[in-house]
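Just below is one structure, and these are the notes that go with it.
Computed from a prediction, not measured in an experiment: that's the story for all the values here.
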Amino acid sequence: MDCRERILSNDYADILVDFTLPQELNYEMPGDFCYHRIIGNLGVAYVERSGLPRIDVSTMNFNFLPKAYGLMEEASNNPGAIRNDFDTVSLLSSGILQMQGQPLYLTGRDVTIAVIGTGIQYTNPVFRDVFGRSRVKAIWDQTIQTGALPDGFSYGSEYNSRQIQEAIESDDPMSIVPSTDTLGHGTAMAAVAAGSRLNDGIQYVGAAPEANIVVVKLKEMKPYLREYYLIPDNVTAYQETDIMQAIQYVQKFALDLYRPLVICMGFGTNLGDHTGSSNLGRYMNQISLQKSRVFTVSSGNEGNAAHHFQGSLSGLDAYRDVEIRVGDAEKGFLLELWGSVPNLFAVEIRSPGGEVISRTNPRRIGPQSYSFVFEKTKLTIDTLLAEQASGAELIRMRFEAPTAGIWTVRVYAEEEMINGRFDLWLPITSFLSDETYFLEPEPDTTITEPGNVQSAITATAYNDENRSVYLNAGRGFTRGGLVKPDISAPGVNVSTPAGKATGGYMAAALTAGGVAQIMQWAVVEQKDLLADANKIRNYLVQGATREEETAYPNTRYGYGLLDIQGTFDFLAGL
């Protein structure tokens with residue numbers, strides 16, 4: 001079996017590895033595996049699951065387990081439809097449209113915007129220049145295995161600009177480039193960030209209408225991981241390993257001098273410590289150290305979902321009850337508790353029928369499985385005293401076929417507490433029934449990963465009709481106190497070629513286009529060749545619109561509302 005087959009096969013586990021074994025050490029490696037290096041010691045191993053007893057849905061060790069990510073959208077569009085109800089309100093509110101014209105003519109020229117997600121409807125005229133040539137320079141479709149492999153990768157198919165141009169000139173484009181976007185999510189993001197100006201009967205323009213576009217269509221998460229994460233059927237879910245390789249792929253379209261890259265992502269997860277310390281987050285931070293590379297990401301849509309609980313304990317053997325309402329149709333869910341260092345926590349679980357799983361021992365190694373006498377629920381609890389990436393205590397509880405009703409998680413202090421804060425998160429909205437939520441939720445610290453990554457420019461969504469915060473927008477700050485979101489951008493009823501769209505992904509896409517405008521001025525036109533992610537963020541912060549009666553930064557708007565014109569007014573000293 002070759003590596004492409006192993007990567008795609010559900011019989012092979014995808015394991016994130018962040019160390020290299022020394023050659024002189026005697027160790028046994030499975031003979032049937034493949035390895036893909038991402039950066040430094042970080043890579044992905046594809047190993048036959050039958051040879052790994054720990055790769056089991058009920059007893060899986062999750063140190064090296066790829067996290068599950070879902071789309072940050074509220075409504076889907078038909079990617080093939082083109083409607084003429086476009087308005088420029090969001091572009092005007094963001095100070096983007098004003099900068100497309102004189103005197104600077106900032107249109108994203110010679111900047112590459114990479115959109116990672118559901119793919120693109122590349123035949124849409126909104127992705128062509130004035131001469132009818134496609135501005136989509138490359139597509140890596142991880143779901144198609146019949147085309148040419150991208151250099152350095154072992155799965156999916158790459159389609160270059162020549163093939164894409166040939167396809168749009170053909171009567172049967174799909175016979176040449178068979179990649180498409182059936183959900184419309186990636187198409188909408190690409191159009192908002194970098195859609196061309198259309199005037200022939202259809203009015204449309206994106207934020208950076210002359211930017212080059214590169215797209216990665218992610219393959220769906222493997223079934224064994226979907227089963228472990230208890231993700232509902234027919235829900236889009238991606239895995240961390242594919243996302244990291246997508247980022248690695250789009251790197252080749254960036255040059256430190258004159259060819260900057262903006263990477264836009266509209267997905268998220270509630271898995272992790274909400275400080276951006278995951279493997280994906282650490283990789284993004286490393287990439288952002290290079291010049292001319294910026295990530296724009298969404299704060300997510302979890303602010304009003306009641307999926308976060310925050311509590312604190314003080315004395316020895318103190319406890320706090322956390323109640324979760326579970327709906328009738330709930331397949332199951334993962335619940336994560338993250339403790340604050342140097343404190344130590346334990347949990348006790350009470351079912352709706354009154355059965356109790358007694359207080360756990362946080363020093364006990366390995367996952368523990370429990371069954372109930374009067375419930376069909378299967379519960380697995382695993383505790384890490386110091387989770388690898390963050391160093392914090394993590395208690396992961398996996399509820400399979402949970403009984404409907406009120407479940408109670410009693411959180412105990414195992415010792416005298418020092419600032420004994422703890423946080424629990426349920427999965428994101430698309431991975432969970434609407435009827436499952438905390439009865440006493442905390443709306444802050446609800447930004448989904450990778451929105452908590454330090455180097456990323458995290459955009460939250462607001463309604464530009466009245467400048468109110470989008471009801472479902474993820475709120476800051478991170479669990480470690482880092483200011484996130486960075487900026488607030490329009491995310492309610494934003495115009496796309498297929499109609500209006502709402503959600504955090506729209507705010508991320510508009511911000512990506514605005515960043516491309518700044519990158520054109522700074523890097524392409526050589527006004528600030530040292531521009532990196534931190535400097536671009538500071539430019540956005542300095543130019544942001546702020547209300548006089550509101551304190552900034554704050555958990556809802558970050559440092560203020562996106563205003564690209566304001567950024568250039570600041571740079572000009574106006």
**Request:** For Ile418, look at atom CD1 and say whether over 12 heavy atoms of other residues, nucleotides or ligands are found less than 6.0 Å away.
**Result:** no
**Asked** Counting heavy atoms not belonging to Glu158, are there more than 12 under 6.0 Å from its CD?
**Response** yes
Spell out, as yes or no, whether a donor-acceptor pair under 3.5 Å connects the side chain of [X] to the backbone of [Y].
X      : Y      : result
Lys331 : Ile231 : yes
Ser340 : Gly420 : no
Lys484 : Ala456 : yes
Glu240 : Pro66  : no
Asn343 : Asn419 : yes
His36  : Ala45  : no
Arg475 : Ile447 : no
Glu449 : Gly272 : no
Arg226 : Val235 : yes
Thr458 : Val297 : no

Which heavy atom of [X] sits nearest a heavy atom of [Y], and at what distance?
X      : Y      : value
Pro553 : Val483 : CB-CG1, 3.6 Å
Ser179 : Tyr122 : O-CE2, 3.3 Å
Thr146 : Arg4   : N-NH1, 4.4 Å
Pro485 : Thr555 : CD-O, 3.6 Å
Gly43  : Tyr35  : CA-OH, 3.5 Å
Ala190 : Ile120 : CB-CD1, 3.9 Å

**Request:** Check step by step if side-chain contact (heavy atoms from CB on, under 4.5 Å) holds for Tyr539 and Val515.
**Result:** CA-CA 10 Å; Tyr539 286 162; Val515 168; over 6 Å; no
**Message:** What verdict does the side-chain contact (heavy atoms from CB on, under 4.5 Å) test give for Val322 and Phe422, after you've listed the backbone C-alpha separation in whole Å, the side-chain angles of each residue and the deciding distance to 0.1 Å?
**Reply:** CA-CA 11 Å; Val322 181; Phe422 63 91; 4.2 Å; yes
If the threshold is 4.0 Å, N to carboxylate O, is there a salt bridge linking [X] and [Y]?
X      : Y      : result
Glu48  : Arg6   : no
Asp242 : Lys219 : yes
Asp528 : Lys535 : yes
Arg109 : Glu525 : yes
Asp273 : Arg479 : yes
Asp382 : Arg396 : no
Glu414 : Arg359 : yes

**Item:** Set of residues satisfying side-chain hydrogen bond (donor to acceptor under 3.5 Å, both in side chains) with respect to Ser161, sequence neighbours excluded
**Value:** none
**All side-chain hydrogen bond (donor to acceptor under 3.5 Å, both in side chains) counterparts of Glu442, not counting sequence neighbours** = none
**Residues which pass side-chain contact (heavy atoms from CB on, under 4.5 Å) with Arg364, listed by chain and number, not counting sequence neighbours** = Asn361, Gln368
**Request:** Under the side-chain contact (heavy atoms from CB on, under 4.5 Å) rule, collect the residues that match up with Asn472, sequence neighbours excluded.
**Result:** Glu74, Asn301, Asn304, Tyr470
**Message:** Could you measure the distance from the CZ atom of Arg135 to the OG1 atom of Thr112? Nearest 0.5 Å is fine.
**Reply:** 11.0 Å
**Item:** Pair Thr383-Glu393, side-chain hydrogen bond (donor to acceptor under 3.5 Å, both in side chains): steps then yes or no
**Value:** CA-CA 7 Å; Thr383 300; Glu393 182 189 5; 5.2 Å; no
**Prompt:** Should Asn285 and Arg282 be marked as a side-chain hydrogen bond (donor to acceptor under 3.5 Å, both in side chains) after you check the CA-CA gap, both sets of side-chain angles, and the distance that decides it?
**Reply:** CA-CA 5 Å; Asn285 283 330; Arg282 290 156 59 200; over 6 Å; no
**Request:** Evaluate the salt bridge (Lys or Arg N to Asp or Glu O under 4.0 Å) criterion for residues Asp11 and Arg49: first the C-alpha distance (whole Å), next the side-chain angles of each, then the deciding distance (0.1 Å), finally the verdict.
**Result:** CA-CA 6 Å; Asp11 293 332; Arg49 291 170 56 209; 5.1 Å; no
**Prompt:** Do Asp423 and Arg421 come close enough that some side-chain heavy atom pair is under 4.5 Å?
**Reply:** yes
**Prompt:** Are Leu42 and Tyr283 side-chain neighbours, meaning at least one heavy-atom pair lies under 4.5 Å?
**Reply:** yes
**Message:** Can you pull out every salt bridge (Lys or Arg N to Asp or Glu O under 4.0 Å) where at least one residue sits in residues 138-150? Sequence neighbours excluded, please.
**Reply:** none
**Message:** Is there a ring-ring contact (aromatic ring centres under 6.0 Å, His included) between Tyr238 and Tyr69? Walk through the geometry before answering.
**Reply:** CA-CA 5 Å; Tyr238 303 122; Tyr69 288 78; 9.0 Å; no
**Complete:** Residues passing the ring pair (Phe, Tyr, Trp, His ring centres under 6.0 Å) test with Tyr46, sequence neighbours excluded, are none
**Any donor-acceptor N or O pair under 3.5 Å, side chains Ser277, Ser390** = no
**Message:** side-chain hydrogen bond (donor to acceptor under 3.5 Å, both in side chains), that's the test. Do Trp338 and Glu336 meet it? Break it down for me.
**Reply:** CA-CA 6 Å; Trp338 290 86; Glu336 291 190 340; 3.1 Å; yes
**Request:** Kindly indicate, with the supporting measurements, whether the criterion ring-ring contact (aromatic ring centres under 6.0 Å, His included) is fulfilled by Trp140 and Tyr159.
**Result:** CA-CA 6 Å; Trp140 179 25; Tyr159 304 98; over 10 Å; no
**Request:** Tell me, with the steps shown, if Phe438 and His307 meet ring-ring contact (aromatic ring centres under 6.0 Å, His included).
**Result:** CA-CA 6 Å; Phe438 291 112; His307 292 165; 7.8 Å; no
**Message:** Apply side-chain contact (heavy atoms from CB on, under 4.5 Å) to residues Val44 and Ile15 and explain how you reach the verdict.
**Reply:** CA-CA 6 Å; Val44 187; Ile15 302 174; over 6 Å; no
**Item:** Of Met221, Lys222, Arg398, the residue whose pairing with Tyr228 passes side chain to side chain contact (heavy atoms under 4.5 Å, CB included)
**Value:** Arg398
